[in-house]
Amino acid sequence: MSNTKKLRLILGDQLNQNHSWFETIHENITYCCMEVIPETEYVMHHIQKIIGFFLAMRQFASELSEKGHQIIYIRLDDDNNQQSFEKNIIQIIENQSFQCFEYLQPDEYRIDQILKNITTKINIDCQVYSTEHFLTERFELQKMFEGKKTFLMENFYRKIRQKFDILMDGKEPLTGKWNYDQDNRKNYDGKYPIPTIKLPENDATNIVAMLEKMAIKTIGTISNPSKFGWCISRKQALDYLDFFVQKCLIHFGSYEDAMVENEPFLFHSRLSFALNIKLLSPLEVVKKAIDYWKENQNTISYPQIEGFVRQIIGWREYMRGIYWAKMPEFSALNFFDHQQKLPSWFWTAKTNMNCLKQAIGQSLNLAYAHHIQRLMITGNFMLLTGTAPDEVDQWYLGIYIDAIEWVEITNTRGMSQFADGGIVGTKPYTCSANYIDKMSNYCKNCQYDKKKKYGHNACPFNSLYWNFYHQNKEKLINNPRIGMMYQTWKKILPDEQQKIIAQAQYYIQNIEKL
Ligand code: FAD
Ligand code: DLZ
Ligand code: SF4
């Protein structure tokens with residue numbers, strides 16, 4: 001190791017203790033980590049998201065320091081905080097005469113640009129390193145699909161399974177079948193109790209006080225700041241992972257798509273935040289789950305483990321690949337030219353539509369909703385009402401604790417809103433009350449009538465659904481996965497069609513009152 005005095009930056013989502021940077025302690029190397037106002041403001045964030053990041057960053061810094069590494073940690077309210085990555089880094093380099101600046105590849109395009117820009121302004125050596133977190137390189141997916149029109153997740157997933165020998169029997173998938181998605185669509189009937197975990201109880205009172213003092217604007221709530229219930233350390237995340245494999249994996253796949261009033265987590269892992277800030281690595285998570293499944297094959301069926309593995313080495317890794325293949329253009333795509341604003345009740349949950357009340361309410365209380373709530377309740381409603389993708393992105397990026405742009409925008413503009421015109425998905429994810437009623441118990445307690453398409457108390461999803469396909473006929477009719485829908489629509493009598501469209505238009509015009 002040379003005697004060059006090095007400054008190494010660690011961002012809020014780069015808390016990977018197992019990174020090779022930390023294998024040795026060197027007196028010439030200093031790490032830095034900083035809380036800055038612009039990162040709390042680029043969208044209005046959920047209070048728990050800001051707390052989660054700051055607590056985890058502080059914890060990480062103190063663990064590094066305990067191990068003997070040198071670290072400069074700038075708190076949001078520190079007097080010398082210049083409130084910008086650039087200004088803070090330049091200040092530290094100048095004050096302490098660093099000769100080299102090193103950072104880990106950021107996952108976010110915006111920060112990548114900021115850091116590249118800093119390297120052009122400082123007159124010292126700069127180096128960029130991998131975060132050693134993902135299974136694939138930034139541009140690996142792009143290279144994999146070079147010259148291809150579509151970027152099918154399934155093809156990517158199979159290649160990753162083969163490359164890392166995950167759930168494989170030689171070159172073939174274990175059991176002979178790659179994907180058990182069809183088996184994972186059960187409604188929850190209460191037959192198996194939902195496991196409860198003792199949540200971490202992290203003290204966030206100081207951070208809450210600091211955010212108040214500094215007048216940082218936030219959304220959502222935290223019920224008890226002295227018992228913040230998200231993992232902020234690797235130890236807590238590993239405990240969570242144990243809980244998941246031991247108690248939830250057994251039913252993960254079966255009830256992955258189910259939604260139940262007042263049961264926000266069901267059998268989901270809640271690991272996305274720990275994964276996204278890199279307290280856990282995707283490979284260790286799937287290995288742990290597979291090892292547990294192998295020891296318990298008599299009780300845990302294969303579709304459960306395949307379903308879980310697919311989310312992490314399939315969807316998660318694929319979304320990252322799409323992000324780097326398609327940014328920055330991706331963030332401006334608007335295939336349907338949607339321009340509507342979100343109604344104000346997305347920030348209060350004060351709506352009569354019970355499914356939305358539940359999904360938004362729990363998001364405001366917990367900074368969490370599971371995948372089908374995000375896709376088929378909030379996302380579906382936003383798409384069917386023609387919400388502008390910028391509005392969609394900002395809401396999702398702000399409200400969820402796990403929201404970092406690379407994984408948020410690919411899910412919102414791509415999977416949920418089809419604003420990319422079919423890069424991520426082959427057709428828009430939409431549904432009417434029929435699906436929501438099949439997969440949840442929301443409709444039972446709703447003032448709207450799930451059966452009605454128009455008239456008094458007709459469920460808004462029913463007319464909005466048909467209106468969406470009617471309005472976007474030119475863009476969608478040639479999609480082979482949608483053609484059938486237009487056949488069904490054609491069979492509805494013109495008078496009936498008119499009533500449905502009028503009902504949808506009425507709801508869109510009166511969206512605040514829904
Ligand atoms: P589980 O259901 O337990 O799944 C296990 C893991 O698989 C997750 O922790 C996650 O790492 C991964 N995973 C599952 N689905 C996806 C997916 N579609 N894309 C990427 N990873 C996936 N996930 C985020 O991490 N951050 C986001 O900002 C985000 N925004 C979303 C927005 C929309 C509109 C939709 C439809 C999905 C979004 N997702 C996002 C994906 C998914 O909903 C969350 O990862 C999941 O709900 C997190 O809860 P969990 O950890 O309990 O997941
Ligand atoms: C989300 C977030 C917040 C609220 N604050 C900070 C911060 O002060 N400092 C920091 O390094 N990161 C923060 N983050 C995470 C970043 O916004 C961003 O998502 C990642 O650093 C991009 O890779
Ligand atoms: Fe949602 Fe319609 Fe069911 Fe009400 S009736 S919960 S609005 S799908």
Side-chain angles (χ1 to χ4, degrees), residues 9-14 33-42 45 49-54 57 74 76 85 104-108 110-112 131 216 244 248 252 256 265-277 282 285 307-308 310-312 314-320 351-358 368-379 381-382 392 396-397 399-417 424 429 431-437 440 442-452 457-462 514:
L9 175 70
I10 302 166
L11 293 169
D13 63 347
Q14 298 182 332
C33 208
M34 52 195 78
E35 299 167 8
V36 288
I37 289 177
E39 292 308 300
T40 68
E41 281 183 348
Y42 58 81
H45 284 115
K49 183 177 175 192
I50 301 183
I51 292 171
F53 271 87
F54 288 0
M57 287 163 67
I74 304 180
L76 201 71
F85 284 137
L104 301 170
Q105 264 186 341
D107 288 336
E108 202 184 316
R110 175 182 63 91
I111 308 253
D112 203 45
T131 53
I216 303 294
F244 170 74
C248 305
F252 174 83
E256 209 181 332
F265 303 120
L266 291 163
F267 298 94
H268 290 275
S269 71
R270 295 172 252 188
L271 287 170
S272 49
F273 177 59
L275 273 164
N276 294 351
I277 61 172
V285 170
F308 183 66
R310 180 163 19 92
Q311 304 314 313
I312 296 194
W315 281 112
R316 184 172 187 270
E317 203 74 25
Y318 168 81
M319 290 309 201
R320 172 166 181 270
T351 166
N352 296 315
M353 301 173 78
N354 194 35
C355 50
L356 280 152
K357 188 177 166 163
Q358 298 299 324
Y368 178 89
H370 71 67
H371 187 68
I372 294 300
Q373 293 175 308
R374 297 187 202 196
L375 187 65
M376 301 313 282
I377 305 293
T378 43
F381 181 81
M382 291 181 194
V392 179
Y396 280 96
L397 192 55
I399 203 158
Y400 292 117
I401 189 150
D402 56 28
I404 304 181
E405 195 190 61
W406 66 269
V407 58
E408 171 275 321
I409 203 167
T410 41
N411 270 295
T412 50
R413 271 187 204 244
M415 183 186 273
S416 163
Q417 301 299 298
V424 169
Y429 280 92
C431 72
S432 60
N434 195 22
Y435 173 86
I436 296 173
D437 189 42
S440 77
Y442 295 151
C443 299
K444 286 193 187 89
N445 292 328
C446 186
Q447 79 161 51
Y448 289 105
D449 186 338
K450 65 186 183 193
K451 296 268 181 228
K452 282 168 83 173
N457 269 356
C459 167
F461 277 105
N462 294 337
L514 289 175

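We're numbering straight along the sequence, starting at 1. Atoms within a ligand are numbered from 1 in the order they appear, just like the ligands themselves.
When each atom of ligand 1 is checked for a heavy atom of Ile312 under 4.0 Å away, the hits are 6 (C), 7 (O). Interface of Ile404 with ligand 2, defined as ligand atoms under 4.0 Å from a residue heavy atom, comprises 19 (O). Atoms of ligand 3 lying under 4.0 Å from at least one heavy atom of Tyr448, given by number and element, are 5 (S). Each of the following atoms of ligand 1 lies closer than 4.0 Å to a heavy atom of Ala403: 27 (C), 28 (O). Of all atoms in ligand 1, numbered sequentially from 1 with element shown, those under 4.0 Å from a heavy atom of Ser416 are 34 (C). Listed by number with element, the atoms of ligand 2 under 4.0 Å from a non-hydrogen atom of Asp107 are 23 (O). Taking every non-hydrogen atom of Leu271 and a distance limit under 4.0 Å, the qualifying atoms of ligand 1 come out as 9 (O), 51 (O). The atoms of ligand 1 that sit less than 4.0 Å from any heavy atom of Leu375 are 36 (C).
Among all protein heavy atoms, the one lying closest to atom 13 (N) of ligand 1 is Gln311 O, 3.6 Å. Counting only heavy atoms of the protein, atom 29 (C) of ligand 1 lies nearest to Arg374 NH1, 3.2 Å. Of all protein heavy atoms, the one closest to atom 15 (C) of ligand 2 is Phe53 CE2, 3.6 Å. The protein heavy-atom contact nearest to atom 9 (O) of ligand 1 is Ser272 N, 3.2 Å. The single protein non-hydrogen atom nearest to atom 4 (Fe) of ligand 3 is Cys446 SG, 2.3 Å, given as residue, atom name and distance. Looking at atom 21 (O) of ligand 2, its nearest protein heavy atom turns out to be Asp13 OD1, 3.4 Å. Of all protein heavy atoms, the one lying nearest to atom 10 (C) of ligand 2 is Gly12 N, 3.5 Å. Atom 53 (O) of ligand 1 has as its closest protein heavy atom Ser269 OG, 3.9 Å. In terms of protein heavy-atom proximity, atom 8 (O) of ligand 2 is closest to Val36 N, 2.9 Å. The nearest protein atom to atom 50 (P) of ligand 1, hydrogens excluded, is given as Arg270 N, 3.5 Å; this is a heavy-atom distance. Protein heavy atom nearest atom 3 (Fe) of ligand 3, with residue, atom name and distance: Cys443 SG, 2.3 Å. Of the protein's non-hydrogen atoms, Arg316 CD, 3.4 Å is the one closest to atom 11 (O) of ligand 1. The closest protein non-hydrogen atom to atom 32 (C) of ligand 1 is Asn411 CB, 3.5 Å. In terms of protein heavy-atom proximity, atom 17 (O) of ligand 2 is closest to Glu39 OE1, 2.5 Å. Of all protein heavy atoms, the one closest to atom 9 (N) of ligand 2 is Met34 O, 2.8 Å. Among all non-hydrogen protein atoms, the one lying nearest atom 47 (O) of ligand 1 is His371 N, 3.3 Å. The protein heavy-atom contact nearest to atom 2 (Fe) of ligand 3 is Cys459 SG, 2.3 Å.
Heavy atoms of Phe85 approach ligand 2 to within less than 4.0 angstrom. The shortest heavy-atom distance from Tyr396 to ligand 1 is under 4.0 Å. Within the 4.0 Å heavy-atom shell around ligand 2 one finds Met57. At least one heavy atom of Ala369 sits closer than 4.0 Å to an atom of ligand 1. Not a single heavy atom of Phe244 sits under 4.0 Å from any atom of ligand 1. Under a 4.0 Å heavy-atom criterion, Phe308 is in contact with ligand 1. The shell of residues lying under 4.0 angstrom from ligand 1, judged by heavy atoms, includes Phe252.
Contacts of Asn276 with ligand 1, taken as heavy-atom pairs under 4.0 Å, involve the side chain alone. When non-hydrogen atoms are compared, ligand 1 lies under 4.0 Å from the side chain of Leu275 (C-beta onward) but not from its backbone. Both the backbone and the side chain of Leu11 come within 4.0 Å of ligand 2, counting heavy atoms alone.
Ion pair Arg316/Asp402 not flagged as a salt bridge, since none of the NZ, NE, NH1 or NH2 atoms sits closer than 4.0 Å to an Asp/Glu carboxylate oxygen.
Comparing Trp406, Phe273, Tyr368 against atom 49 (O) of ligand 1, the shortest heavy-atom distance belongs to Tyr368. Summarising the contacts of atom 18 (C) of ligand 2 with Gln14, Glu108, Lys49, the nearest heavy atom is found in Glu108.
Taking NZ of Lys450 as the reference point, atom OH of Tyr442 lies at 15.0 Å (rounded to 0.5 Å). In this structure, Leu271 CG and Asn276 CG are separated by 10.5 Å, a value rounded to the nearest 0.5 Å. One distance of note links CD of Gln417 with CD1 of Ile409; it measures 11.5 Å at 0.5 Å rounding. The OH atom of Tyr448 sits 12.0 Å away from the CG atom of Asn462 when rounded to the nearest 0.5 Å. Rounding to the nearest 0.5 Å gives a distance of 9.5 Å between NE2 of His371 and CE of Met376. To the nearest 0.5 Å, atom CZ of residue Phe461 and atom CD1 of residue Ile377 are 5.5 Å apart.
Among the atoms of Met415, none of the N or O lies under 3.5 angstrom from an N or O of ligand 1. The shortest N/O to N/O separation between Tyr42 and ligand 2 falls below 3.5 Å. Checked by distance only, ligand 1 and Thr412 stay at 3.5 Å or farther apart across all their nitrogen or oxygen atoms. Residue contacts with ligand 1: Trp315 is placed with no nitrogen or oxygen under 3.5 Å of a nitrogen or oxygen of the ligand (distance criterion only). Not one N or O of His370 is nearer than 3.5 Å to an N or O of ligand 1, by distance alone.
Residue Ile401 comes nearest to Phe273 through the heavy atom pair O-CD1, 3.3 Å, listed as atom of the first residue, atom of the second, then distance. When all heavy atoms of Leu514 and Thr351 are compared, the closest pair comes out as O-OG1, 3.1 Å. Taking each heavy atom of Val424 and Trp315 in turn, the nearest pair found is CG1-CZ3, 4.2 Å. Taking all atoms of both residues into account, the shortest heavy-atom contact from Leu397 to Glu405 is CD1-N, 3.8 Å. When every heavy atom of Ala433 is checked against every heavy atom of Cys443, the shortest pair comes out as O-SG, 4.4 Å. In terms of heavy-atom proximity, Leu9 sits nearest to Gln14 at O-OE1, 4.2 Å.
Put simply, the side chain of Met34 does not reach to within 4.5 Å of the side chain of Glu39, judged on heavy atoms. Here the side chains of Phe85 and Ile111 are in contact, with some heavy-atom distance below 4.5 Å.
At a cut-off of 2.8 Å, Cys355 is not counted among the residues with an N, O or S atom near atom 3 (Fe) of ligand 3.
Ring geometry, Tyr396 versus Tyr400: the interplanar angle falls from 30° to 60°, so the pair is classed tilted. The aromatic rings of His268 and His370 sit parallel, their planes meeting at an angle under 30°, below the 60° perpendicular limit.
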